[in-house]
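What follows is one structure encoded as structure tokens, with my remarks underneath.
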Amino acid sequence: MSATILITGASSGIGHETARYYAQQGWYVYAVARSADKLAELAAQYPKQIVPVSLDLMDNTAMQAWQANLPATVKFDVVLLNAGNCEYVDAEDLDLTAFERTFAINFQAVVASTKLLLPRLKAGNTLAIVSSMAHFFPFTRSEAYGASKAAVSYFAESLRVDLAATGIKVCLIEPGFIDTPLTQKNDFSMPFLMPVAEAAKRIFDGINAGKLRLRFPRRLGYLLRALSLLPYGLRSTLAAWMKQT
């Protein structure tokens, strides 16, 4: 009997490529995103493996209705909460709506999806949550994005503690720069940029291996961890200097 995974944010980027990778390995994939057209294109590539689910994760009413209509027999071996977005802000004129939008999809939707889908998991299953390495270092104009990902990482790690007795595994995924439509909008250098296909393979292999936390590319992780060991004042000075370069 094939295993089943649900992936949010499956219409593009990491979610799209990971859905394809899991389907290629013979898994049944519930691919969740707002874009019905993109999901239909994805499902057409793997009609026997991918179930498209057009759903707005920020619409709690729609999410609850979908979950209520899902047959009780549907259980997930893995739930991968990947949906997210990045908006850069101007510190001298903070866009409050940008913060609201960013936290709504990057954090609140993760919490809501966890509440909705946790009953579909049992001991031995995995809840995987995608955060980012962005919160490791104070990058310019990343106040909204970095703060939302810091919240996601803390949520996942705290959740792991509270779910320990249930046997449900919580895997925290913190990618660096991955070559996706989201990062292709960036106008700055992205060290150790990783192809999205490689990111999908890392996620598949890491979850299969029962890893608690995945960070890739590793070289970027090592670099950011080294920077975090610098004296606080020096780290802040370095971050400000990087903004100017």
Side-chain angles (χ1 to χ4, degrees), residues 7-9 12-18 21-22 78-88 102 105-107 110 126-161 169-243 245:
I7 302 175
T8 67
S12 67
I14 292 175
H16 179 272
E17 194 64 28
T18 304
Y21 194 88
Y22 268 90
V78 177
V79 167
L80 175 59
L81 302 181
N82 161 80
N85 197 14
C86 176
E87 291 193 49
Y88 296 112
T102 301
I105 185 61
N106 288 4
F107 180 67
V110 167
T126 299
L127 173 65
I129 299 176
V130 177
S131 179
S132 169
M133 289 190 202
H135 71 93
F136 294 178
F137 190 79
F139 293 103
T140 181
R141 304 184 65 223
S142 295
E143 289 87 346
Y145 180 72
S148 72
K149 291 303 187 179
V152 169
S153 289
Y154 189 91
F155 171 75
E157 294 189 335
S158 183
L159 187 68
R160 183 186 297 124
V161 172
K169 294 175 283 189
V170 177
C171 175
L172 174 59
I173 302 171
E174 294 177 315
F177 295 115
I178 309 300
D179 189 10
T180 67
L182 194 64
T183 57
Q184 287 163 11
K185 299 176 183 178
N186 291 340
D187 59 359
F188 52 83
S189 175
M190 294 176 283
F192 311 117
L193 182 67
M194 176 179 283
V196 69
E198 177 60 23
K201 184 178 185 304
R202 296 283 183 97
I203 290 172
F204 179 86
D205 290 344
I207 291 176
N208 259 12
K211 299 287 188 181
L212 296 181
R213 184 180 64 197
L214 303 176
R215 289 176 177 170
F216 51 82
R218 291 176 183 170
R219 288 175 295 173
L220 181 61
Y222 295 150
L223 174 61
L224 293 177
R225 273 186 284 179
L227 291 175
S228 71
L229 296 176
L230 293 174
Y232 194 71
L234 179 57
R235 190 169 76 111
S236 297
T237 300
L238 176 61
W241 174 80
M242 289 172 63
K243 176 185 176 182
T245 59

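Numbers here simply count residues along the sequence, with the first being 1.
Contact check for S12 versus T180: no side-chain heavy atoms found under the 4.5 Å cut-off. Side chains of I14 and V196 form a contact here, defined as non-hydrogen atoms less than 4.5 Å apart. You'll find the side chain of F216 reaches within 4.5 Å of the side chain of I178, heavy atoms only. Looking only at side-chain heavy atoms (C-beta outward), R219 and P191 stay at 4.5 Å or farther from each other. Here the side chains of M194 and L220 are not in contact, with every heavy-atom distance at 4.5 Å or above. Proximity of L80 to I173: side-chain heavy atoms (C-beta onward) are separated by under 4.5 Å at one or more points. For the pair N82 and I203, the minimum side-chain heavy-atom distance is 4.5 Å or more.
Residues E17 and A197 come closest through the heavy atom pair CG-CA, 3.7 Å. Among all heavy-atom pairs drawn from E87 and T102, the shortest one is CB-OG1, 3.8 Å. Taking every heavy atom of both residues into account, V170 and A156 meet most closely at CG1-O, 3.5 Å. Between P175 and S131 the shortest heavy-atom distance is CD-O, 3.3 Å. In plain terms, the two heavy atoms of Y88 and T140 that are nearest each other are CD2-O, 4.4 Å. When all heavy atoms are compared, the tightest approach of A134 to F139 is O-CD1, 3.6 Å.
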>> With side-chain contact (heavy atoms from CB on, under 4.5 Å) as the criterion, how do E157 and Y154 come out once you've worked through the C-alpha distance, each side chain's angles and the decisive distance to 0.1 Å?
In response: CA-CA 5 Å; E157 294 189 335; Y154 189 91; 5.6 Å; no
>> The test is side chain to side chain donor-acceptor pair (under 3.5 Å); show your working for D205 and Y21 and say whether it passes.
In response: CA-CA 11 Å; D205 290 344; Y21 194 88; 4.7 Å; no
> Going through the distances and angles, do L223 and F137 end up as a side-chain contact (heavy atoms from CB on, under 4.5 Å)?
Replying inline: CA-CA 10 Å; L223 174 61; F137 190 79; over 6 Å; no
> Can you check ring pair (Phe, Tyr, Trp, His ring centres under 6.0 Å) on Y22 and F204, steps first, answer last?
Replying inline: CA-CA 7 Å; Y22 268 90; F204 179 86; 4.9 Å; yes
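The distance from atom NZ of K169 to atom OG1 of T126, rounded to the nearest 0.5 Å, is 4.0 Å. The CG atom of L214 sits 4.0 Å away from atom SG of C171, with the distance rounded to the nearest 0.5 Å. Atoms CG and CG, from L224 and L229 in turn, are 11.0 Å apart once rounded to the nearest 0.5 Å.
Heavy atoms from other residues, nucleotides or ligands lying under 6.0 Å from CZ of R160 number more than 12.
Only one option out of R215, R225, R218 pairs with E174 in a salt bridge (charged side-chain N to carboxylate O under 4.0 Å, His left out); it is R215.
Residues meeting the ring-ring contact (aromatic ring centres under 6.0 Å, His included) test with F136, sequence neighbours left out: none. With sequence neighbours excluded, the residues satisfying salt bridge (Lys or Arg N to Asp or Glu O under 4.0 Å) with E198 are R202.
Taking the six-membered ring for Trp and the full ring otherwise, the centers of F192 and F177 sit at least 6.0 Å from each other.
Under the 3.5 Å distance criterion, the side-chain polar atoms of N106 are matched with a main-chain donor or acceptor of N85. Panel note: side chain T18, backbone H16; no donor-acceptor pair is recorded below 3.5 Å.
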